[in-house]
Undergrad: 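Got a structure for you, written out below as structure tokens; questions coming shortly.
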Amino acid sequence: MDIGPAVNKWTVDYLSNAMGGTPVKVHVSKEAKLDFLSKNFTYKTMPFNKFIEQCADCKSDDFLYLRSIGDDKRGRDISHISKQFPQIANDFKFPSFVSLLSEKDLYFSSVLRVASKELNLWTHYDIMDNILINVRGSKRVTLFSPEDIPYLYVVGDKSKITNIDESEDYIREHFPLFLKATKYECTLDEGDGLFIPSLWFHNVLSLNFTISVNIFWKDEDVHEFYDKNDVYGNKDLIPASNAFANIDKALKHLNSLPEKYKHFYYKMMINKIEQKF
Ligand SMILES: O=C(O)CCC(=O)C(=O)O
Ligand SMILES: [Fe+2]
């Protein structure tokens, strides 16, 4: 894609000078594969220049990851690169369809992502459509269709499988159903953009130090159902989170029953939902 001068201009030195000591909140981990279950990372606020220099440094002991986020007086806010990074935002040319989205009030956010070499972001889905545009370095993106939910060991919006590259033996022992999942894999090089449809699971591995921008937008058909408090583009649609809350309640009711009856009603509930397909 034609993404403007950023593709050549966004070197560590240039960005470090342009952004200076602007504070950014980043994920810091001793391990390359971020794990939301064991929480093997912390959040740290760092000056941008120090962050990007350390992030690009292969010899650093820490793996760093920036996922930009806006902030206002009330707390976290939606990310827009023109707001959080005005010094560099004009170097990046948005795809032309974004102005059409804005006209229809469907544009949601633009997110700057900077990652250390080998950093691996867990498999997750987002609730909005998205184009992930890679500016520097290259990243491997693995997609899974929503049809593969039964094979992904999903907890909330993420998969429990932190390392999708584990050996077949390990997977067979710990996550046997994952062997049935279909991986759609590609490598994004500089200037490549990938459309990631809402609800498609994705896992992103930085093959080297990477800088990307991604743009989330809304689906006209469900416009009124987005959660107003969603700043990441990943909160379930309101009717869906209500449904989940009711499932939790239903399961709690069944908890008071002995195993035999509980099991029976689990099956009955699954059956009821399966009849919807
Ligand atoms: O590139 C990354 O680090 C993650 C991208 C991602 O999750 C997204 O674009 O929704
Ligand atoms: Fe995502």
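Both counts, for ligands and for their atoms, begin at 1 and track the order of listing. What's counted below: heavy atoms across the whole structure, side chains too, no hydrogens, waters or symmetry copies.
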Undergrad: With the Fe ion (ligand 2) as the reference point, give the N/O/S atom of H124 that is nearest.
TA: NE2

Undergrad: Checking side-chain polar atoms at under 3.5 Å, does N130 have a donor or acceptor matched by the opposite partner on N214?
TA: yes

Undergrad: Taking atom types as modelled and ignoring hydrogens, do the side chains of S212 and N134 form a donor-acceptor contact shorter than 3.5 angstrom?
TA: yes

Undergrad: Go through the side-chain N and O atoms of S16 and E53 and say whether any donor and acceptor fall under 3.5 Å apart.
TA: yes

Undergrad: Any luck finding a side-chain donor-acceptor pair between Q84 and S68 under 3.5 Å?
TA: no

Undergrad: Below 4.0 angstrom from a heavy atom of L121, which ligand 1 atoms are there? Numbered from 1 as shown, please.
TA: 4 (C), 7 (O)

Undergrad: Just jot down the ligand 1 atoms closer than 4.0 angstrom to any heavy atom of H202, in number order.
TA: 6 (C), 7 (O), 8 (C), 10 (O)

Undergrad: Which residue holds the protein heavy atom closest to atom 3 (O) of ligand 1, what is that atom called, and what is the gap in Å?
TA: Y65 OH, 2.7 Å

Undergrad: Looking only at N, O or S atoms, find the one in D126 nearest to the Fe ion (ligand 2) and name it.
TA: OD2

Undergrad: Tell me which part of V111 gets within contact of ligand 1: side chain, backbone, both or neither, using heavy atoms under 4.0 Å.
TA: neither

Undergrad: Looking just at side-chain N and O atoms, do Y107 and H80 make a donor-acceptor pair shorter than 3.5 Å?
TA: yes

Undergrad: Just need the protein heavy atom nearest to atom 9 (O) of ligand 1, so name the residue and atom and give the distance.
TA: N130 ND2, 2.8 Å

Undergrad: Whether the H124 and N203 side chains hold a donor-acceptor pair (N or O, under 3.5 Å, no angle test) is what I'd like checked.
TA: no

Undergrad: Within the 4.0 Å heavy-atom shell around N214, which atoms of ligand 1 are there?
TA: 9 (O)

Undergrad: Report yes or no: does H124 have a heavy atom closer than 4.0 Å to ligand 1?
TA: yes

Undergrad: For atom 1 (O) of ligand 1, what is the closest protein heavy atom, and at what distance to 0.1 Å?
TA: K139 NZ, 2.7 Å

Undergrad: Of N49, I52, D91, L112, which is the lone residue that meets side-chain contact (heavy atoms from CB on, under 4.5 Å) with L15?
TA: I52

